[in-house]
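Worksheet: the structure to be examined is printed underneath.
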Protein chains: 2
Amino acid sequence: MDKLSLGTLGQHLQALRLARGWSLSQLAAAAGIAKSNLSRLEQGNGNPTLDTIWRLAVQLGVPFGTLVAPIAVPLGEDGVEVRLIDQGKDHPQVDAYWMRCAPHTLRHAEPHTPGAQESLTLISGALEAGPEGATKMLVAGDSLTFAADQPHAYRTHDTWATLLMTIVYTGQGDTL
Amino acid sequence: MDKLSLGTLGQHLQALRLARGWSLSQLAAAAGIAKSNLSRLEQGNGNPTLDTIWRLAVQLGVPFGTLVAPIAVPLGEDGVEVRLIDQGKDHPQVDAYWMRCAPHTLRHAEPHTPGAQESLTLISGALEAGPEGATKMLVAGDSLTFAADQPHAYRTHDTWATLLMTIVYTGQGDTL
DNA sequence: ATAGAACGTTCATTTAAAGGAACACCACAA
DNA sequence: TTGTGGTGTTCCTTTAAATGAACGTTCTAT
């Protein structure tokens, strides 16, 4: 079972604070919490309140989960982590995912429904992806769109890859 | 400034719990917390500890941030809500945002740094967007890429619009 | 009906998180 | 030197979150 590591939060808080060149006192004041509180948290002791975490996340400008997420990413079995960001309700239907692949990962994906189009946008790292046999290399900032109604694959080499993935289900049967 | 809405957490907890067909007592027992505690949280009162949130998230099998993220969208003053999804650390730098616009919204955006490219992908609804004077209509599944180092705008008509936005800072000065 | 078991709520108590002041420490300037 | 202003830490106190038991319900089975 997953366990809450208090140390991680402390490491993240301190790293993010130092990255911004702020002092502990400054951040505590800006967030509106006691500096004794922040000090304890950075040391890895304590079990902050949602309110406290929230204030710190807002000040640091991070998406919240960033603070508590383990520093070394807990990947799926195949080295790939996928998160659903949003899911459209219109026609065509659109699914948006955030995805992250560890180095030296190869992931095969089954064909989706006929007509489905998949688009990738690299946020960081490098990724080789596309239909089986016709993959392309992507680096940060690159995008790739391909037909997803056939087998396709994602593969990393020496680096991590973080990307946005959208799947558009241009179902040819959708007459609505 | 962002504010922590306690009600949201409660709504999410209850919705996720009911979606799994669990009783309050069951979930509390499984998570190892007092059911009085969970009851209060679902009612929107209280300010749970990180430990408490963590245990509930693990039991419900959700990525944590899901519990606190807004359910019914609290829009910004101009009817636009923007959430940072991820931020690349490579060159070029890439920022990924999730964005949602209320009907009959017009949002002007200042030019970003020179060379910046912006890409939009509609998840649902319809949106008119692009450089000032050269905007295009987009519906679910459509994408648009344009130079973001000039004034640009987003505008909805009778519908909501949900979209993914990525900004690639192809800074021409980056020789690193 | 009526006992039983489940539900979710409310309350008093216990526990610990948050706050505030004092502290030791290091810089830099007068 | 000796201040003065900053750092981050460690206490003690105050506040409130988490607990556990008791409560009023509802539903089912006897």
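Residues L60(B) and W22(B) are in side-chain contact: their nearest non-hydrogen atoms beyond the backbone lie under 4.5 Å apart.
Side-chain contact check for T121(A) and T166(B): no donor-acceptor pair (N or O, by modelled atom type) lies under 3.5 Å. In summary, the side chains of H152(B) and E118(B) do present a donor paired with an acceptor at a separation below 3.5 Å, with no hydrogens or angles considered.
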(message) Treating primed atoms plus P, OP1 and OP2 as sugar-phosphate and everything else as base, which nucleotides of nucleotides 8-23 of chain D get B, S or - for protein heavy atoms under 4.0 Å?
(response) BBB------SBBB---

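Here the CG atom belonging to L138(A) is positioned 12.5 Å from the CD1 atom belonging to I123(A), to the nearest 0.5 angstrom.
Between the side chain of R155(B) and the backbone N or O of L106(B) there is no donor-acceptor pair closer than 3.5 Å.
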